[in-house]
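Starting off with a structure, shown below.
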Amino acid sequence: MNQKEEHTKPSNFIRNIILEDIKSNKHGGKVVTRFPPEPNGYLHIGHAKSIVMNFGFALEFNGRCHLRFDDTNPTKEEQEYVDAIKEDVRWLGYDWGKHLYYASDYFEKFYQYAEQLIKIGKAFVCDLSPEEIRKYRGTLTEPGKESPYRNRSIEENLDLFRRMRAGEFKDGQRVLRARIDMASGNLNMRDPVIYRIMHVPHHRTGDKWCIYPMYDFAHCLSDSIEGITHSLCSLEFEDHRPLYDWFLDVLEVECHPQQIEFARLNLTFTILSKRKLIQLVREGVVTGWDDPRMPTISGMRRRGLPPAGIRNFCERIGVAKKESVVDVALLEYCVREELNRTAPRVMGVLNPLKVVIENYPPGQEEELEAINNPEDPSYGTRSVPFSREIYIERTDFMEDPPKKFFRLAPGREVRLRYAYFIKCTDVIKDEETGQIKELRCTYDPATKGGNAPDGRKVRGTIHWVSCNHAFSAEVRLYDRLFNHPYPDRAASEEGKTFMDFLNPDSLKILRGCMLEPSLKKAEPGRVYQFERIGYFCADSKDSTPGQPVFNRTVTLRDTWAKIEKRFQKQKKQGSKGRKRKKGKK
RNA sequence: UGGGGGAUCGUCUAACGGCAGGACCGCAGACUCUGGAUCUGCUAGUCUAGGUUCGAAUCCUAGUCCCCCAGCCA
């Protein structure tokens, strides 16, 4: 983690709480946090916020942060997810050291605590069916009814609970419930179920157990067992806090962590619900969990987003209890900020247009020196081959350029980055289609390296590659997956689903892009800046030695695109205005 | 006549009774061998109505709007 990241941390309500707790020596001045994912899916940028917060506070206050898998429901959880989650947290730059835990490691302890609860008359075995339990629970406005099994003797409860563990009953036949208050306004306190029977093997404990604890019971106890001081979770658990505290108050535990709730992250043009992300994968909208368009950590990794940029983003968005939607532009900003500092610059032409430099000697070649990263001299330089025939970007030439277009046009002179000034002398078109096939130019040998000894200036500098030296590659242009800033909201308002707001242009595959030769040995996962275009990551799955495939991480800020857009708008409005006037006449 | 939360520039977020600040976005300009980066400037906010106070985003009262909760999910 660099210095900048260290001391730009803005204040937030959780940090204020921790600061006060340290001052008052609440937990002996210690800070112990945890990141507690359920291994039932892949991590996404929303989890990153939680990871950065939990590990961040631990780092900041010289404490520690545990990675704990909340694996209390064997019907949903798999080892595959455990492995993926570990990889993602590590990739984000965090180290849990020896503090890797599983709720399932505490199953025996949980069980003992449950017996303790029974022994003090605070839990009972209930024979009501799931439907009956629901009916007895009451509604939001009406109190619930007490279960007829609520007043069983401690001995009977203990016996029944032990037989539950022993596997004497079928799934759903009985549950263990806490004995709290069926009239509570908080539904979570209406004798919540804390153990259920599931004859299902667990990915870690195998078939050792056929009863499994519920979240509310397991989570507070896991926190307590591990000596967590600050247990951070999202807003929807606010209602569960009284229950969290109830268990820890009633049971004999040494440690009573403080649960603090914060608003989870939402992003514009993005969906983050696990259910919906799964749907995108299952229905083949994306190629998998690690599709570069996915907001998953693995997707972002494959897309080329740097971990430091993601971390920085998570710091900048702050933490509060207000539900909010962060502009994805901020994420892009943080990504560019990091990549600008770290990505080596290269030249690649996405839509090639051939240029023949007529006064350059045929057969001649030279090596020109190019800077690898103007932001950091330690990246050094490289040499780029130049010759008589080159490719330039098709969009860098206009036959009839509008005002403010500084690039190549007939009779115009521009600079080829790190090479020479060239002037366009002729445009060669396909006779049938009228499409521009090739440009003829002349170069000024005196401008080698990019400067004119006579001091004359050119407004535009464009990138290029030498035809004979460049190699052809596939480049994938990724864009936002959705074309609406609030796909979920829009869907419910317009009676559609989030799938109706998929961006049809979220992926454009370009083949025949011409890249400078140095990129042949691009390492998969490495991100480069293609000068004047954007940042591109060598795909970690589809690249082969000598033949990389590139994913566009994010474009460069494009001022020209804005100007162009404005031109088009003016044009449209202009023609409308004219039409209107005509109509009036 | 259930319970729990939340409302500050377009967006995200500070200010804990003392000049409403920062970041992103947007706009304008400077600079530039990347129309990148960098630099400068501008626009723009306390949900409403009362009250307390020399002074209120902050305290009090009454409203309004939004979110969450009736899994043997987490």
Side-chain angles (χ1 to χ4, degrees), chain A residues 8 10-12 16 36-38 40 70-73 75-77 126 128-130 133-135 137-144 171-177 183-190 192-198 212 214-216 218-219 233-242 261 263 268 274 313 316-334 336-337 340-341 345 347 370-371 374-375 404-407 415-419 421 447 449-451 457-463 485 529-534 555-563:
Chain A
T8 51
S11 162
N12 68 59
N16 291 345
E38 182 188 14
N40 70 342
D70 217 341
D71 54 352
T72 56
N73 185 350
T75 62
K76 295 193 171 177
E77 297 145 8
C126 184
L128 254 27
S129 70
I133 287 185
R134 188 171 8 98
K135 276 185 197 148
R137 188 154 32 225
T139 68
L140 292 176
T141 51
E142 295 161 286
D171 285 9
Q173 199 177 337
R174 290 185 221 268
V175 291
L176 183 70
R177 299 175 70 179
S184 172
N186 181 345
L187 301 213
N188 295 122
M189 300 300 271
R190 319 243 261 229
V193 171
I194 58 180
Y195 262 95
R196 73 285 218 193
I197 299 170
M198 288 198 275
Y212 293 95
M214 299 285 290
Y215 166 84
D216 286 303
H219 202 91
C233 64
S234 44
L235 247 30
E236 68 269 27
F237 291 100
E238 249 165 343
D239 285 350
H240 295 245
R241 181 162 18 103
E261 309 86 12
T268 55
K274 255 182 206 176
F313 168 75
R316 279 175 192 240
I317 56 176
V319 193
K321 297 194 75 153
K322 182 175 73 162
E323 283 177 87
S324 57
V325 186
V326 176
D327 193 337
V328 74
L330 180 60
L331 210 212
E332 292 169 352
Y333 174 86
C334 292
R336 288 191 187 107
E337 184 185 45
N340 177 51
R341 280 187 16 229
R345 315 288 132 123
M347 290 196 282
I371 293 165
E375 303 294 319
K404 291 193 182 175
F405 183 86
F406 305 141
R407 285 111 93 150
R415 170 168 38 233
L416 294 175
R417 179 88 159 142
Y418 298 124
F421 287 9
T447 57
N451 289 302
K457 302 275 184 215
V458 287
R459 215 37 222 276
T461 300
I462 64 175
H463 60 278
Q529 185 197 102
F530 289 12
E531 290 209 37
R532 305 209 308 131
I533 305 176
T555 61
L556 245 31
R557 247 186 72 207
D558 192 347
T559 312
W560 169 244
K562 273 183 207 165
I563 296 169

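Just so we're on the same page: letters track the sequence lines, and every chain starts at 1.
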Quick one: the side chain of A:R241 and the base of B:G4, do they pair up donor-acceptor inside 3.5 Å?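 No pair found.
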Atom CD of A:E323 and atom C1' of B:A7: how far apart are they, to the nearest Å?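 Checked: the CD to C1' distance equals 11 Å.
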Phosphate OP1/OP2 of B:G71 contacted by A:R137 side-chain N/O (<4.0 Å):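 Indeed, a polar side-chain atom of A:R137 lies that close.
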Round to a whole Å and report the spacing from CZ of A:R557 to C1' of B:U34.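 Rounding to the nearest Å, CZ of A:R557 and C1' of B:U34 are 13 Å apart.
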Which is true for A:P36 with a 4.0 Å heavy-atom rule: it touches a base, it touches only sugar-phosphate, or it touches nothing?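 Nothing, no nucleic acid heavy atom in range.
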Any chance the rings of A:W560 and A:F406 have centres within less than 6.0 Å?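 Not under 6.0 Å, so no.
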Applying a 4.0 Å non-hydrogen cut-off, can you work out what A:Y333 is touching in the nucleic acid: base, sugar-phosphate, or nothing?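 Sugar-phosphate, backbone atoms only, no base.
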Would you tell me if any nitrogen or oxygen in the side chain of A:S11 comes within less than 4.0 Å of OP1 or OP2 on B:U13?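 Looking at the OP1 and OP2 atoms of B:U13, neither is under 4.0 Å from any side-chain N or O of A:S11.
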Nucleotide B:G71, atom C1' - distance to NE2 of A:H240 in whole Å: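 Whole-Å distance recorded here is 10 Å.
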Please report the distance, rounded to the nearest Å, between CG in A:L330 and P in B:C25.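 These atoms are roughly 8 Å apart.
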Polar pair under 3.5 Å, donor/acceptor by atom type, side chain A:R316, base B:U13: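 A donor-acceptor contact between them is absent.
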Under 4.0 angstrom between A:K562 side-chain N/O and B:G26 OP1 or OP2: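 For B:G26, OP1 or OP2 has a side-chain N or O of A:K562 closer than 4.0 Å.
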Select base, sugar-phosphate, or nothing to describe what A:L128 touches, counting heavy atoms under 4.0 Å on all strands.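 Base contact - A:L128 has a heavy atom under 4.0 Å of at least one base atom.
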Looking at B:G5, does its base get a donor-acceptor pair with the side chain of A:E236 below 3.5 Å?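 Checked by distance alone, the answer is no.
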With no angle test and no hydrogens, is the base of B:G3 tied to the side chain of A:D239 by a donor-acceptor pair under 3.5 Å?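 Looking at the base of B:G3, it does pair with a donor or acceptor on the side chain of A:D239 (distance under 3.5 Å).
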Where the side chain of A:E238 is concerned, which of B:C69, B:G5, B:G36 is the nearest nucleotide?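 The listed nucleotide nearest to A:E238's side chain is B:G5.
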Using the side-chain heavy atoms of A:M214, tell me which of these nucleotides is nearest: B:G71, B:U34, B:U13.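 Of all the options, the side chain of A:M214 is nearest to B:G71.
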Residue-phosphate contact under 4.0 Å: A:R196 side-chain N/O, B:A74 OP1/OP2: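 Checking B:A74 against A:R196, a side-chain N or O does come within under 4.0 Å of OP1 or OP2.
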May I ask you to decide if the ring planes of A:Y215 and A:F237 are parallel, tilted or perpendicular, using 30° and 60° as cut-offs?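 Tilted.
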B:G35 phosphate, OP1 or OP2: any side-chain N/O from A:R532 under 4.0 angstrom?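 True: A:R532 side-chain N/O within range (under 4.0 Å) of B:G35 OP1/OP2.
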Roughly, in whole Å, what's the span from CD in A:E261 to C1' in B:G5?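 Distance, rounded to whole Å: 9 Å.
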Under 4.0 Å, heavy atoms only, any strand: does A:R417 hit a base, just the sugar-phosphate, or nothing?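 The answer is base, as A:R417 lies within the cut-off (heavy atoms under 4.0 Å) of a base atom.
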Strictly below 4.0 Å: does A:K322 bring a side-chain N or O up to OP1 or OP2 of B:U13?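 So the side chain of A:K322 is within the cut-off, an N or O lying under 4.0 Å from OP1 or OP2 of B:U13.
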Under 4.0 Å, counting only non-hydrogen atoms across every strand here, what does A:T72 touch: a base, just sugar-phosphate, or nothing?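 Answer is sugar-phosphate: A:T72 comes under 4.0 Å of backbone atoms only.
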Given B:A70, B:G35, B:C12, identify the nucleotide with an atom nearest to the side chain of A:S324.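 The answer is B:C12.
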For B:C69 and A:R190 - does any side-chain N or O of the residue sit under 4.0 Å from the phosphate oxygens OP1/OP2?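 So the side-chain polar atoms of A:R190 never come under 4.0 Å of the phosphate oxygens OP1 or OP2 of B:C69.
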